[in-house]
Amino acid sequence: MKKFFKRLFVNNQQHQDKVNALAPDSNVLEPNDIYTIDAPVNNPEQDKFKRWSFSQRVAQTIASRNDPSSLVIGIYGPWGDGKTTVLNFIERNLKESDEIICVKFNPWRFTDEASLIKGFFQALAEAIGKSIASHSEEVGKWLDKYSSGLGLNALTFNFGVVRVNLGQGIQAVGKGLSSVELEELKKRIESLLKNEGKRVVVLMDDIDRLDKNEIQAVFKLVKLSADFDYTAYVLAFDEEMVASALSERYGSGDIKAGRNFLEKIIQVPLNLPKADRVALLEYCMVGIEEVLKDANIQISEEQFRYHFLNHFIDGLEIRVKTPRMVKRYINALAFSLPILKGEVNYPDLMLIEGMRLFYPALYEVVKNNPDIFSVSPFTYNGEDYKKRSLEIINKGIQGLTTDEEKSAKNLLKALFPCVNQTLGNSDYVSNGWRGEWDIDQRASSSHYFSRFFSYSISDHDISDQELTSFLSQIQDNSVETTISNIHQIVGDQRADLFILKLNSRIEKLSSSSSQNLALAISLSGDIFSKEKTFLSRYLSSAEILIGKLVENISDDQIKVNVAKQIVLDAKPISFAIKCFRCLVPLKEREEIERHFSVDQERIIGEAFSQRIKEISQISPLYIQFPEDFSSLLYVWSHWGDKEEVKKYLLEALNQNPKSVVEFLKCYLPTLYSLPDYRARKWDFERNQYNSLAEYIEPSLIYQLLQNIYGSKLDNPEYYESDNQQRSLDEKVVSQFAFIHQFVIEEVGSSNN
């Protein structure tokens with residue numbers, strides 16, 4: 001572990017200085033020192049928190065006392081701080097002295113006051129009887145009578161082969177002994193201890209685990225029996241919890257009254273030395289290393305140091321106060337890391353688990369406000385966001401000290417950079433970083449956030465391990481198998497997410513895998529070309545991914561052949577058009593980066609135009625594909641024969657003149673309205689008129705419309721799209737007629 005920790009802190013002087021300041025003489029853990037962290041320690045060689053020397057001093061003080069009077073020592077410390085270990089060490093030291101009789105008594109095992117007191121005197125009798133065998137029967141009788149004088153039932157004491165049952169004797173005693181008789185029994189026991197040169201030391205643990213009534217019973221017991229000469233009590237407990245329980249019975253009800261009562265019983269109060277902070281830190285790192293090893297999870301040195309350890313020290317370490325807190329943390333990681341293996345960023349998960357345990361209120365507000373702490377390209381970072389996020393953060397850190405607040409904010413800034421502006425660090429989170437957060441599976445990504453808090457992958461999510469397995473098999477699978485696997489992963493609702501996740505991984509795919517995947521996606525257009533929401537259209541696009549995959553193909557000839565196969569086979573045709581536009585930019589997009597040379601584009605374009613020509617024979621393109629009609633027309637005319645296209649349209653309209661309105665509607669632009677991203681047709685304008693005129697004479701269109709609408713077109717009005725009193729057909733016809741008449745007048749004026 002020495003090499004491990006040296007590696008963690010090398011070249012990190014700031015944290016090294018902090019560690020040195022905390023404990024310049026701390027012992028370093030070795031791997032073979034690892035043991036169950038929460039278990040009490042008996043072996044001083046396993047003392048990680050300097051409890052042995054403290055325990056030695058306490059034990060030596062007790063053993064060297066000449067004063068015969070009783071002594072009650074209180075070892076105060078919070079839960080999990082090692083009180084049981086200290087008692088074990090004290091007992092170990094005391095047993096080195098032949099004069100000491102140790103009685104280990106745990107009140108947690110008894111359910112009521114009577115059984116508690118009975119159990120205590122039985123344990124006392126057994127311990128004294130074993131140490132002073134010649135008087136074991138006498139001691140049993142004395143303590144039995146003494147306890148019965150306190151109003152208890154019959155006791156049975158066992159001393160090896162000697163068994164004493166004094167139930168009948170107690171019946172003769174009656175309801176209780178007089179104070180004189182009790183004092184006489186007490187003197188007999190004290191005299192025996194004095195003559196034998198023995199001192200009894202009672203060690204009591206787990207007092208603070210009892211309920212209030214049981215705690216009160218324990219201190220009643222101590223008060224009744226602690227005045228035996230040659231006896232000492234070492235009681236280990238959380239002083240605040242016990243004082244609170246005692247205050248309800250022995251005081252005015254406030255904790256101060258409980259502490260006043262304790263002062264009457266506890267003669268020597270000792271606060272357990274706090275666990276050394278660096279020892280706790282090292283202790284924690286040992287546990288983490290073991291958890292990672294058991295889960296077979298690899299984290300690079302850089303990731304561990306810069307993405308976990310630094311933030312652990314700056315954000316969590318201030319709240320890690322006891323060995324038990326470390327154990328709880330290690331147990332949490334032992335649970336969460338294997339469950340989310342391969343699905344999240346490990347340093348982030350370890351930090352969030354720390355937040356859950358050490359800042360529970362903050363954890364809850366983060367968990368319940370993903371819109372504040374996770375980001376997408378549409379996260380709004382205005383003043384309203386800053387105000388609301390600050391209110392939420394303040395709610396989560398309420399009740400912390402100033403230093404703890406600072407650490408909690410450090411933790412938030414490390415995990416969720418989008419709150420940096422709220423906490424005064426930054427005004428901007430770039431889209432580039434957002435993309436990296438997706439790639440790195442960070443908690444700050446809106447696509448990964450929920451995993452850190454649910455310990456699961458939702459039905460609407462895609463497992464990263466499943467995706468990794470899918471990608472690893474592509475090269476060896478057929479296109480048909482890859483298509484089947486895509487359908488299995490995507491299902492009915494995860495197409496956009498599938499594409500989004502693939503986008504961050506395709507650079508690592510081989511040329512042959514890229515070829516296989518591009519063809520498979522092009523043949524799966526039925527699931528990738530469904531109607532999308534505004535957000536999904538912005539975030540993911542299967543056709544763009546296909547373009548990137550084709551670019552991954554190293555051999556130029558194979559690349560051209562794959563692109564050609566895609567535009568010939570991709571389905572439906574609307575998806576084929578989108579793929580074509582990403583492979584071979586249309587005229588208006590010639591400035592973007594190109595995948596092919598002009599000659600190669602011609603080969604691909606001619607293949608696609610031939611496909612369009614063939615499907616046009618089924619029925620008019622503007623009837624089959626109204627949304628894609630203009631793009632199909634452009635590809636056919638640009639990479640095929642424009643005159644052939646004009647002739648085709650003329651024949652189609654002559655064969656079915658009434659379809660002219662459907663023809664016109666194909667030129668209406670489609671707009672999408674927020675927030676539901678609902679599609680609606682916009683106005684037919686001069687640009688659309690000019691596009692139409694490239695393929696067919698507008699006068700012919702006007703004549704066909706006049707045959708349908710007659711004199712209504714003599715003085716057409718331009719009904720705009722928001723006119724609710726007119727149908728879409730009426731609006732597009734009137735708009736076309738209005739523009740057509742304007743153009744005729746414009747031409748006439750210019751000729752004059």
Side-chain angles (χ1 to χ4, degrees), residues 1-24 26 28-29 276-292 297-321 325-326 329-330 332-333 336-337 344-359 362-363 366 373 393 396-397 400-426 429 433 436-437 439-445 448 452:
M1 191 63 198
K2 182 181 291 185
K3 292 181 180 178
F4 170 73
F5 229 75
K6 183 178 181 181
R7 184 176 75 248
L8 293 181
F9 289 104
V10 69
N11 297 327
N12 192 344
Q13 193 61 46
Q14 179 182 359
H15 288 298
Q16 184 66 66
D17 291 344
K18 181 175 181 180
V19 169
N20 290 340
L22 288 172
S26 61
V28 180
L29 302 173
D276 182 88
R277 289 173 67 181
V278 170
L280 277 175
L281 183 61
E282 292 185 6
Y283 200 34
C284 188
M285 295 307 111
V286 170
I288 291 172
E289 188 178 36
E290 285 299 297
V291 169
L292 293 173
I297 290 174
Q298 305 260 328
I299 297 181
S300 69
E301 179 182 340
E302 180 180 3
Q303 261 194 317
F304 192 93
R305 181 194 300 166
Y306 295 114
H307 296 294
F308 171 69
L309 184 60
N310 283 6
H311 301 314
F312 183 95
I313 292 173
D314 289 341
L316 292 173
E317 185 257 348
I318 192 172
R319 297 279 287 181
V320 182
K321 301 178 186 292
M325 293 176 79
V326 172
Y329 179 56
I330 298 305
L333 297 185
S336 59
L337 282 167
V344 296
N345 181 280
Y346 299 129
D348 277 10
L349 178 60
M350 293 192 290
L351 293 173
I352 287 175
E353 284 296 280
M355 182 193 297
R356 181 173 67 85
L357 293 176
F358 307 132
Y359 299 105
L362 183 61
Y363 175 87
V366 171
F373 297 98
I393 291 169
I397 62 178
L400 300 179
T401 67
T402 301
D403 288 340
E404 288 173 340
E405 279 189 13
K406 182 180 178 182
S407 293
K409 290 177 180 179
N410 287 339
L411 183 63
L412 287 178
K413 288 187 284 188
L415 286 166
F416 310 109
C418 55
V419 302
N420 280 345
Q421 57 179 335
T422 302
L423 299 175
N425 244 30
S426 172
V429 179
W433 280 107
E436 288 190 21
W437 297 334
I439 295 171
D440 294 338
Q441 303 171 297
R442 297 292 304 275
S444 53
S445 164
Y448 286 89
F452 291 85

task = Give me the one residue out of K321, E353, R319 that meets side-chain contact (heavy atoms from CB on, under 4.5 Å) with F358.
result =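 It is R319, the one option of K321, E353, R319 that forms the side-chain contact (heavy atoms from CB on, under 4.5 Å) with F358.
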Using a 4.5 Å cut-off on heavy atoms from C-beta on, say whether the side chain of [Y] contacts that of [X].
X: Y346; Y: I297; answer: yes
X: M285; Y: L309; answer: yes
X: L400; Y: Y359; answer: yes
X: H307; Y: D440; answer: no
X: M325; Y: L357; answer: no

query = Taking it one step at a time, do L281 and F312 satisfy side chain to side chain contact (heavy atoms under 4.5 Å, CB included)?
reply = CA-CA 9 Å; L281 183 61; F312 183 95; 3.5 Å; yes
Might you point out which heavy atoms bring [X] and [Y] nearest each other, and give the distance in Å?
X: A443; Y: I352; answer: CB-CD1, 3.5 Å
X: V320; Y: L280; answer: O-CD1, 3.6 Å
X: F416; Y: S444; answer: CD2-CA, 4.0 Å
X: M350; Y: I299; answer: CE-CD1, 3.7 Å
X: H311; Y: L411; answer: O-CD1, 4.5 Å
X: S336; Y: L349; answer: O-CD2, 3.9 Å

ask   = Should F308 and N345 be marked as a side chain to side chain contact (heavy atoms under 4.5 Å, CB included) after you check the CA-CA gap, both sets of side-chain angles, and the distance that decides it?
value = CA-CA 11 Å; F308 171 69; N345 181 280; over 6 Å; no
request  = For side chain to side chain contact (heavy atoms under 4.5 Å, CB included), just list the numbers for K406 and I318, CA-CA rounded to whole Å, side-chain angles, deciding distance to a tenth of an Å, and then say yes or no.
outcome  = CA-CA 10 Å; K406 182 180 178 182; I318 192 172; over 6 Å; no
message = Measuring from atom OH of Y448 to atom CD of Q441, what distance do you get when rounded to the nearest 0.5 angstrom?
response = 4.5 Å
request  = Could you tell me whether the side chain of D314 and the main chain of N410 form a donor-acceptor pair under 3.5 Å?
outcome  = no
inquiry  = If you apply the rule side chain to side chain contact (heavy atoms under 4.5 Å, CB included), what do you find for L412 with V366, and how did you get there?
reply    = CA-CA 9 Å; L412 287 178; V366 171; 3.8 Å; yes
